[in-house]
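Structure first, commentary second.
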Amino acid sequence: MSGALVTGGARGVGAAVARALAGAGLRVAVHARADVAAAEAVVKALPGDGHAVVSGDLADPEAVAAFVAEAVAALGDVDVLVNNAGIYTEHPLPTTSYAEWIAEWRRTTDVNVLGVANTTWCFVDHLRARSRGPEGARIITVGSRGAYRGEPTAPAYGASKAAVHSLTQSLAVSLAPLGVAVTAVAPGFVDTDMTSDILAGERGDAIRAQSPFNRVATPDDVASAVAWLATPGAGWASGAVIDLNGASHLR
Ligand code: NAP
């Protein structure tokens with residue numbers, strides 16, 4: 001049975017992805033930054049057995065190496081990496097001091113870009129070391145519609161998601177000779193802790209109206225696409241960044 005590591009799996013999109021992958025028969029290592037109790041609650045509710053909890057800050061390269069190794073040790077093997085964890089913070093240029101601007105860019109880049117790059121490196125290192133080799137593995141990263149549409153109040157976030165889309169395309173080519181398929185999804189707004197204040201506030205109705213379905217995504221809308229990308233039949237999607245935005249942004 002295959003194993004999957006889902007970063008930021010203790011809530012939101014990541015928890016839905018963990019449920020979808022476990023429902024498809026995979027053993028899942030649910031990663032949390034620090035809230036191990038929340039990750040344990042997610043694991044407890046997953047179908048099947050053999051799941052695990054791992055933890056560590058994505059911004060810390062040593063912690064990343066440690067939690068990828070923990071996931072491999074706990075599951076015995078990991079075939080699927082879902083780079084889901086990420087942060088979104090608002091720092092519109094006209095009202096942000098230079099010190100805040102520098103700090104926001106640094107933190108967002110550390111987590112959303114370097115965290116994804118480092119987790120991916122450690123995962124591929126595991127694939128190359130295992131006896132049956134990397135063939136058939138999957139790397140799926142949660143990007144964002146914001147990479148295309150812009151994020152005027154969170155420009156570091158938008159740039160970080162454009163970076164991981166580009167990383168996906170680079171790795172789809174460089175890892176193809178190893179038999180590894182690399183994809184990303186680019187959701188529009190999803191109803192999670194990340195967006196609950198925005199969606200409940202005065203901008204909420206306008207955001208829902210961006211989609212002709214007049215709603216935002218549920219975490220399950222994203223998880224079902226990620227679960228499909230993890231299936232053996234989806235390997236030819238490698239290199240794709242799949243829009244999941246309810247026709248709110250066509251390109
Ligand atoms: P969320 O509810 O805020 O969850 C974010 C997850 O990331 C949490 O599990 C969190 O863990 C983890 N995380 C944050 N910083 C971390 C760090 N430094 N190290 C390790 N883990 C960290 O967000 P979400 O909406 O589910 O977002 C999941 C992904 O979807 C993100 O990549 C986000 O950018 C993307 N996305 C979201 C939306 C949206 O509208 N919600 C739209 C497009 C794309 P802790 O709880 O332990 O901090």
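We count residues from 1, following the sequence as given. Start at 1 and go down the list; that is how both ligands and their atoms are numbered.
- Note on ligand 1: Gly56 sits in its first shell, one or more heavy atoms being nearer than 4.0 Å.
- Among Asn84, Thr141, Asp60, Val42, the residue whose heavy atom lies closest to atom 29 (C) of ligand 1 is Asn84.
- Residue Gly14 places no N or O, backbone or side chain, under 3.5 Å from any N or O of ligand 1.
- A salt bridge links Asp205 with Arg208: the closest approach of a Lys/Arg side-chain nitrogen to an acidic carboxylate oxygen falls below 4.0 angstrom.
- Scanning all protein heavy atoms for the shortest distance to atom 5 (C) of ligand 1 gives Gly86 O, 3.8 Å.
- Remark: ligand 1 and Arg33 share an N or O pair separated by less than 3.5 Å (distance only, no angle test).
- With a 4.0 Å cut-off on non-hydrogen atoms, Ala34 touches ligand 1 through its backbone and not its side chain.
- Here atom 42 (C) of ligand 1 lies nearest to Gly188 when heavy atoms of Gly188, Ser144, Ser55 are compared.
- The ring-ring contact (aromatic ring centres under 6.0 Å, His included) check on Phe67 picks up His31, with sequence neighbours excluded.
- Taking every non-hydrogen atom of Val13 and a distance limit under 4.0 Å, the qualifying atoms of ligand 1 come out as 26 (O), 28 (C).
- Put simply, the side chain of Ser238 never gets that close to the backbone of Gly235: no donor and acceptor are under 3.5 Å apart.
- Atoms of ligand 1 lying under 4.0 Å from at least one heavy atom of Asp57, given by number and element, are 17 (C), 18 (N), 19 (N).
- When only modelled atom types and interatomic distance are considered, Gln210 and Arg145 share a side-chain donor-acceptor pair under 3.5 Å.
- At the shortest separation from atom 12 (C) of ligand 1 among protein heavy atoms lies Ala85 CB, 3.7 Å.
- Using a 4.0 Å cut-off between heavy atoms, Thr195 contacts ligand 1 through its side chain alone, with no backbone atom that close.
- If you number the atoms of ligand 1 from 1 as listed, the ones under 4.0 Å from a heavy atom of Phe189 come out as 40 (O).
- Of the N and O atoms on the side chains of Asn83 and Thr120, at least one donor lies less than 3.5 Å from an acceptor on the other residue.
- Protein heavy atom closest to atom 38 (C) of ligand 1, with residue, atom name and distance, is Val190 CG2, 3.8 Å.
- Ligand 1 has at least one atom lying under 4.0 Å from a heavy atom of Gly143.
- Arg138 places a side-chain N or O within 3.5 Å of a backbone atom of Thr231 that can act as its donor or acceptor partner.
- Heavy atoms of Tyr88 stay at 4.0 angstrom or farther from ligand 1.
- Nearest non-hydrogen protein atom to atom 43 (C) of ligand 1 is Pro187 O, 3.3 Å.
- The ring of His165 has its center closer than 6.0 angstrom to the ring center of Tyr148.
- The backbone N or O of Val28 sits less than 3.5 Å from a side-chain atom of His51, completing a donor-acceptor pair.
- Applying the 4.0 Å criterion to heavy atoms of Val142 picks out, from ligand 1, the atoms 29 (C), 30 (O), 32 (O), 35 (C).
- Remark: distances from the non-hydrogen atoms of Ala15 to ligand 1 are all 4.0 Å or more.
- For the pair Gly8 and ligand 1, the shortest N or O to N or O distance falls below 3.5 Å.
- In terms of protein heavy-atom proximity, atom 19 (N) of ligand 1 is nearest to Leu58 N, 2.9 Å.
- Using a 4.0 Å cut-off between a side-chain N of Lys or Arg and a carboxylate O of Asp or Glu, Asp77 and Arg130 qualify as a salt bridge.
- We find that Asp221 and Arg215 are joined by a salt bridge, their nearest charged nitrogen and carboxylate oxygen being less than 4.0 Å apart.
- Proximity to Arg107 (heavy-atom distance under 4.0 Å) selects the following atoms of ligand 1: 18 (N).
- Panel note: side chain Thr195, backbone Thr192; a donor-acceptor pair is recorded below 3.5 Å.
- Counting protein heavy atoms only, atom 15 (N) of ligand 1 is closest to Ile87 CG2, 3.4 Å.
- For atom 46 (O) of ligand 1, the closest heavy atom belonging to the protein is Arg11 NE, 2.7 Å.
- Where the criterion is an N or O separation shorter than 3.5 Å, residue side chain and backbone included, Lys161 meets it with respect to ligand 1.
- In this structure, the side chain of Arg128 does not engage the main chain of Pro134 through any donor-acceptor pair within 3.5 Å.
- Using a 4.0 Å cut-off between a side-chain N of Lys or Arg and a carboxylate O of Asp or Glu, Arg132 and Asp79 qualify as a salt bridge.
- Within the 3.5 Å criterion, the main-chain N or O of Glu100 finds a donor-acceptor partner in the side chain of Ser97.
- One option in Ile207, Leu199, Val185, Thr192 has a heavy atom closer to atom 25 (O) of ligand 1 than any other, and that option is Thr192.
- Although no hydrogens or angles enter the test, the distance criterion places a donor-acceptor pair under 3.5 Å between the side chain of Asp57 and the main chain of Ala59.
- The protein heavy atom nearest to atom 36 (N) of ligand 1 is Tyr157 OH, 3.4 Å.
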